[in-house]
There are 2 protein chains.
Amino acid sequence: MSEVILKDALVTLKESGVRITPQRHAILEYLISSEMHPTADEIYKALEGDFPNMSVATVYNNLRVFRNTGLVKELTYGDSSSRFDFVTHDHYHIICDHCGKIVDFHHPGLEEVEHLASHVTGFQVNSHRLEVYGTCPECAVSVQKAK
Amino acid sequence: MSEVILKDALVTLKESGVRITPQRHAILEYLISSEMHPTADEIYKALEGDFPNMSVATVYNNLRVFRNTGLVKELTYGDSSSRFDFVTHDHYHIICDHCGKIVDFHHPGLEEVEHLASHVTGFQVNSHRLEVYGTCPECAVSVQKAK
DNA sequence: TAAACTAATGATAATGATTATAAAGAAGTA
DNA sequence: TACTTCTTTATAATCATTATCATTAGTTTA
């Protein structure tokens, strides 16, 4: 089923006039199949086996290409490096304060917040970003034990 | 009135056993008085006149101290450097896609989103983060003109 | 198909924000 | 005063990301 998603993505790229190189194919595939939200370096390391000569710059370049075509979203949290998320349906993220794990969850869009914000500030609103922070079940267990 | 806020902050620091140095005083004062959400470097530049010998490291160190005592929040957006926000009431930010301006707005907390996220993912929820993106009135005008 | 043009890759250097280190200074305490 | 601890300063180190540029590959056109 992620096959279909990948094919769709490739079609989107082609329609945007972006060439499908083996590297791009591999990066996309990894982003889609991976349940995590990898950093550029993690992607680089993961594909090192298949592409021993691939440069880090290629990863960054292509992530930017994907971002520009709207296929991929860049997530910046407090930590040093950005994470990249293949955009499927609209979803939000919940992030574990302890281990940094990121889990997706769905929630109806927060239009009323956008409206209020627009009304109060006079901005034309385009989008919003929401993240929830907490402790994941696994870390909750180990925190228990530590007591 | 920001006098009171500053005094409160100094009391908070003292209670946490943090010494009030002239540099810390100045950084706090700047953060409170400034309507913007400055980067570390902007703070550094702003205080250069009064503290010609102050090191950038001092700014970073003290911002970390303030963050740890809960006086200051660190905001990371897509761009390269973090921004720092003196915490007064709970508020959200709306950010202009064109000029990067950040404006505060108030909105009742999104508890129901936290509840849903907790229910779906099994996380214990601590907090959330919400930002709205759009075009500020000034930039909307210049975009009009450009047409 | 070959030549010409354009885009993508890879290696490496450059940038820039942030952090680490270590010496000197200031404040706090006995 | 002597001692300890925290803070500042200057500087070097780190690390993610971007820029440069020569090389390669793909596409277009004649």
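Computed from a prediction, not measured in an experiment: that's the story for all the values here. Both backbone and side-chain heavy atoms feed into the values below; hydrogens, waters and symmetry mates do not. Chain letters run A, B, ... following the sequence lines, proteins first and then strands; every chain starts at 1.
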From D:dT8, D:dA10, C:dT12, pick the nucleotide closest to the side chain of B:N53?
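It is D:dA10.
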Closest approach to the side chain of A:Q23, judged atom by atom: which nucleotide of D:dT9, D:dA19, C:dT9 is it?
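For A:Q23, the side-chain atoms sit closest to C:dT9.
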Describe the nucleic acid contact of A:T39 in one word from base, sugar-phosphate, nothing, applying a heavy-atom distance below 4.0 Å.
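Nothing: the residue A:T39, judged by heavy atoms under 4.0 Å, touches no strand.
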Identify whether any heavy atom of A:D41 sits under 4.0 Å from a base atom; if not, whether one sits that close to sugar-phosphate; answer base, sugar-phosphate or nothing.
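It contacts nothing in the nucleic acid.
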Respond yes when some side-chain nitrogen or oxygen of [X] is under 4.0 Å from OP1 or OP2 of [N], and no when none is.
X: B:S81; N: C:dT18; answer: no
X: B:R19; N: C:dG28; answer: no
X: A:Y60; N: D:dT17; answer: yes
X: A:T58; N: C:dG10; answer: yes
X: A:T21; N: C:dA8; answer: no
X: A:R64; N: D:dT17; answer: no

What is the distance from [atom1] of [X] to [atom2] of [N], rounded to the nearest Å?
X: A:L63; N: D:dT18; atom1: CG; atom2: C1'; result: 13 Å
X: A:D50; N: C:dG10; atom1: CG; atom2: P; result: 13 Å
X: A:N68; N: D:dT18; atom1: CG; atom2: P; result: 11 Å
X: A:N61; N: C:dA11; atom1: CG; atom2: C1'; result: 13 Å
X: B:F84; N: C:dA17; atom1: CZ; atom2: P; result: 12 Å
X: B:K14; N: C:dG28; atom1: NZ; atom2: C1'; result: 13 Å

Is it the case that [X] and [Y] place a side-chain donor and acceptor less than 3.5 Å from each other?
X: A:Y92; Y: A:H128; answer: yes
X: A:Y44; Y: A:E42; answer: no
X: B:H93; Y: B:H37; answer: yes

Please enumerate all residues that pass salt bridge (Lys or Arg N to Asp or Glu O under 4.0 Å) together with B:R67, with sequence neighbours excluded.
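B:R67: salt bridge (Lys or Arg N to Asp or Glu O under 4.0 Å) contacts with B:E74.
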So if you build clusters from Ile, Leu, Val, Met, Phe, Trp, Tyr with side-chain heavy-atom gaps below 4.5 Å, do A:F66 and A:L10 land together?
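In one cluster with A:F66: A:L10, yes.
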